[in-house]
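Small disclaimer: the values here were computed from a predicted structure and weren't measured. In what follows, chains carry the letters A, B, and so on, assigned in the order in which the sequence lines appear, proteins first and then strands, with residues in each chain numbered from 1.
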Number of protein chains: 2
Amino acid sequence: MSLRHGLLGLLAEGPASGYDLARRFQEVLGQVWPAQHPKIYAELRRLADEELIEVDAEGPRRRKAYRITDAGLAEIRRWLTTADVDHTIRVQPLLRSLFFWLMDPDDLRAHLDAEARFFAESAARYRIYAKAKDRGEFGDSPQSRSMRVTIEAGIRLYDALASWAEWAKTVPPAAATSSDADAGPAGR
Amino acid sequence: MSLRHGLLGLLAEGPASGYDLARRFQEVLGQVWPAQHPKIYAELRRLADEELIEVDAEGPRRRKAYRITDAGLAEIRRWLTTADVDHTIRVQPLLRSLFFWLMDPDDLRAHLDAEARFFAESAARYRIYAKAKDRGEFGDSPQSRSMRVTIEAGIRLYDALASWAEWAKTVPPAAATSSDADAGPAGR
DNA sequence: TTAGGACATGTCCTTATGGACATGTCGCGG
DNA sequence: CCGCGACATGTCCATAAGGACATGTCCTAA
């Protein structure tokens, strides 16, 4: 359950409404931590019940901005320092790659081309963010520095995946010269 | 819902029981695609209901081995070639890094040390697998080649994260010289 | 003045995931 | 022959996540 702490962390930067948070989540973490608004509104209510956040202001259109409380700040800090990190890397392309041997070589090449392109584009997108930050467009607050660190992770991860996809194209699907006997259920 | 296709893919390599599949999932994909046995058994039953797999043999201790059917093979191939890839990279350390500014610098350094160590160890673990495969310990079937590709992704991803964590340690937490005025709710 | 788009918050249902708990079998070593 | 560890399969519950559907407001431009 990291959404909870994601929200607390974002609220630590300053008051925001559920709508704001949904947008920020989508923008900054869309590729990394998807969260749709129903989940966010529900979680905000729960956080408010537990007094980790409180209503800061009510605006037009039923807008309700929340502010983090001292208890909330303590909780996010506790999470950051004492809670175990979940090291699971849930990346579907990795799962798929286990089964590449089931694919027609031409389909596979096309697939890897598309994947490499996608990863490279994602890396480029994060690079643009990083450049903007390095130019000072987001100021130089501690928060923006942390964002820069997150962005760097995105760049490195997507670069790694892009180069992996390129490399994967160079791996021949099966032993080229020797016995091709045991095709098993995969035989076409 | 990729567990379904994960199971189909593993069964495409040959018959296996739920227990076997749970072990393989844990072994090969433990860090990437966690799946505990209750889910696996339930999904196998559903797959059998839809006749994408069928019972291959029953052994001692209620052991039931499943075999993929032609329909199942067609389904996994369909998934691999036509289904959209989910490009979400669900990595909790990235989410956490957005909030590093909330951490005490010493805690953060210790945290990044531990993270770097963990990522480097994971990369090393995958490297050992890769070496074994390259020495021919897993034979040279198409399946093992795909596994080699998956392992390579693991290596590159963990290397990227390890170097990122090292790099992150070199980022000063905030503007060193200039104004340190607006501490906001984060002020200690 | 009115239609459309961005703002803003929700309900409801289904499926997924994690984790605790339960049950029983087989083989082996002491 | 008895106990233990690996084998093997499940139920049950709580929470998380995804996605469809619903509702209404405010502002702006045609």
Visitor: Which part of the nucleic acid, if any, lies within reach of A/Arg63 when heavy atoms closer than 4.0 Å are counted: base, sugar-phosphate only, or nothing?
Guide: sugar-phosphate
Visitor: Counting side-chain heavy atoms from CB outward, which of D/dT9, C/dG10, C/dG19 is closest to B/Lys64?
Guide: D/dT9
Visitor: For the pair made of CD in A/Glu58 and P in C/dT9, what is the distance, rounded to whole Å?
Guide: 10 Å
Visitor: How many Å lie between CD1 on A/Ile40 and C1' on C/dC7, as a whole number?
Guide: 15 Å
Visitor: Are A/Leu44 and B/Leu98 connected, step by step, through hydrophobic side chains (Ile, Leu, Val, Met, Phe, Trp, Tyr) whose heavy atoms are closer than 4.5 Å?
Guide: yes
Visitor: Do A/Glu152 and A/Arg156 sit within salt-bridge range, that is, some charged N less than 4.0 Å from a carboxylate O?
Guide: yes
Visitor: Atom CZ of B/Arg23 to atom C1' of D/dG5: distance rounded to whole Å?
Guide: 14 Å
Visitor: Which whole-number value in Å describes the distance from A/His37 NE2 to C/dA6 P?
Guide: 16 Å
Visitor: Nearest whole Å is fine: how far is D/dT11 P from B/Leu44 CG?
Guide: 13 Å
Visitor: Would one find a side-chain N or O of A/Tyr41 under 4.0 angstrom from OP1 or OP2 of C/dG10?
Guide: no
Visitor: Nearest of C/dT11, D/dC26, D/dC7 to any side-chain atom of B/Arg61?
Guide: D/dC7
Visitor: When we call it a touch if two heavy atoms are under 4.0 Å apart, what does B/Arg4 touch: a base, just sugar-phosphate, or nothing?
Guide: nothing
Visitor: In whole angstrom, give the distance that lies between atom CD of B/Gln36 and atom C1' of D/dA8.
Guide: 17 Å
Visitor: Please determine if B/Asp20 and B/Arg63 form a salt bridge, counting it only when a charged side-chain N lies under 4.0 Å from a carboxylate O.
Guide: yes
Visitor: Is there a side-chain contact between A/Tyr19 and the phosphate of C/dT9, meaning an N or O under 4.0 Å from OP1 or OP2?
Guide: no
Visitor: Compare all side-chain heavy atoms of B/Phe119 with those of B/Pro93 and state whether any distance is below 4.5 angstrom.
Guide: yes
Visitor: Hey, which of these two, A/Pro60 or A/Leu3, hits DNA chain D nearer its 5' end, going by closest nucleotide?
Guide: A/Leu3
Visitor: Please determine whether residues B/Ile53 and B/Tyr19 belong to a single hydrophobic cluster, defined as Ile, Leu, Val, Met, Phe, Trp and Tyr linked transitively by side-chain heavy-atom distances below 4.5 Å.
Guide: no
Visitor: Can you measure B/Arg62 atom CZ to D/dT11 atom C1' for me and round it to whole angstrom units?
Guide: 11 Å
Visitor: From the options D/dA8, C/dT11, C/dT9, select the nucleotide whose nearest atom is closest to the side chain of A/Ser17.
Guide: C/dT9
Visitor: From CZ of A/Arg90 over to P of D/dA17, roughly how many Å is that when rounded to an integer?
Guide: 10 Å
Visitor: Using the side-chain heavy atoms of A/Asp20, tell me which of these nucleotides is nearest: C/dA8, D/dC12, C/dG10.
Guide: C/dA8
